[in-house]
Amino acid sequence: QVQLVESGGGTVQAGDSLRLSCAASRRTNSNNAMGWCRRAPGSEREFVAGIDWKANGKQYADSVKGRFTISRDNVKNTIALQMDNLKPEDTAVYYCAVSRYSTSSSQASDFTSWGQGTQVTVSS
């Protein structure tokens, strides 16, 4: 099973930016979409952003559209999430994940392999 390691979390002020990165230990056996989900305290894990295998299709949760940008590098087996204009409600543990499909959906349940997560805290 592919191992995923996230980095780039931290504590910032509202309006600041952060860039999360995720490194996969190897290329997945299939050409999988990948993405990011998050879990806030007391909440279920929710979809944030997803990117197709060829990076020609991207999905975003309505709450992050226009502020977050997902990208991937299939040569390096990495994906990234650029988060701009962060808000306190973005505070959560962010998880990198591999989808069971080659095209991304907006369902957290479509993702299978997960990283251990990185904490993002946004203060007002």
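Quick caveat, the model's predicted, so the values are computed rather than measured.
C96 approaches E6 most closely through the heavy-atom pair N-OE2, 2.8 Å. In plain terms, the two heavy atoms of S104 and Q59 that are nearest each other are O-CG, 3.6 Å. In plain terms, the two heavy atoms of W114 and T112 that are nearest each other are CD1-O, 2.6 Å. Looking at every heavy atom in both residues, A92 comes nearest to Q119 through O-NE2, 3.4 Å. For the pair I79 and W36, the tightest heavy-atom approach, listed with the atom from each and the gap, is CD1-NE1, 3.4 Å. Nearest heavy-atom pair across A24 and L4 is CB-CD2, 3.7 Å.
Distance alone, capped at 3.5 Å, places no donor-acceptor pair between the S21 side chain and the A80 backbone. Without hydrogens or angle criteria, Q116 side chain to V5 main chain gives no donor-acceptor distance under 3.5 Å. When atom types are taken as modelled, the side chain of D16 and the backbone of L86 share no donor-acceptor pair closer than 3.5 angstrom. At distances below 3.5 Å, at least one donor-acceptor pair connects side-chain atoms of R67 with backbone N or O atoms of N85.
Of the candidates T118, D84, V122, V120, L18 forms a side chain to side chain contact (heavy atoms under 4.5 Å, CB included) with just one, namely V120.
Taking CZ of R72 as the reference point, atom SG of C22 lies at 10.0 Å (rounded to 0.5 Å). Here the OH-CD1 distance, from Y60 to I70, works out to 6.5 Å after rounding to the nearest 0.5 Å. Put simply, CH2 on W53 and CG on N32 are 8.0 Å apart, with the number rounded to the nearest 0.5 Å. Interatomic distance, OH of Y94 versus OG of S7, reported as 15.0 Å (0.5 Å rounding). The distance from atom OG of S71 to atom CZ of R19, rounded to the nearest 0.5 Å, is 5.0 Å. Distance OG/S109 to CZ/R45: 11.0 Å, rounded to 0.5 Å.
F47 and F111 have parallel rings, their planes meeting at less than 30° on a 0 to 90° scale where 60° marks the start of perpendicular.
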side-chain contact (heavy atoms from CB on, under 4.5 Å) between M34 and V2, worked out: CA-CA 12 Å; M34 294 186 70; V2 64; over 6 Å; no
Chi angles and distances behind the side-chain contact (heavy atoms from CB on, under 4.5 Å) call for L20, M83: CA-CA 8 Å; L20 304 183; M83 306 186 295; 3.7 Å; yes
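Contact check on K87 versus D90 returns no salt bridge, with no Lys/Arg side-chain nitrogen under 4.0 Å from an Asp/Glu carboxylate oxygen.
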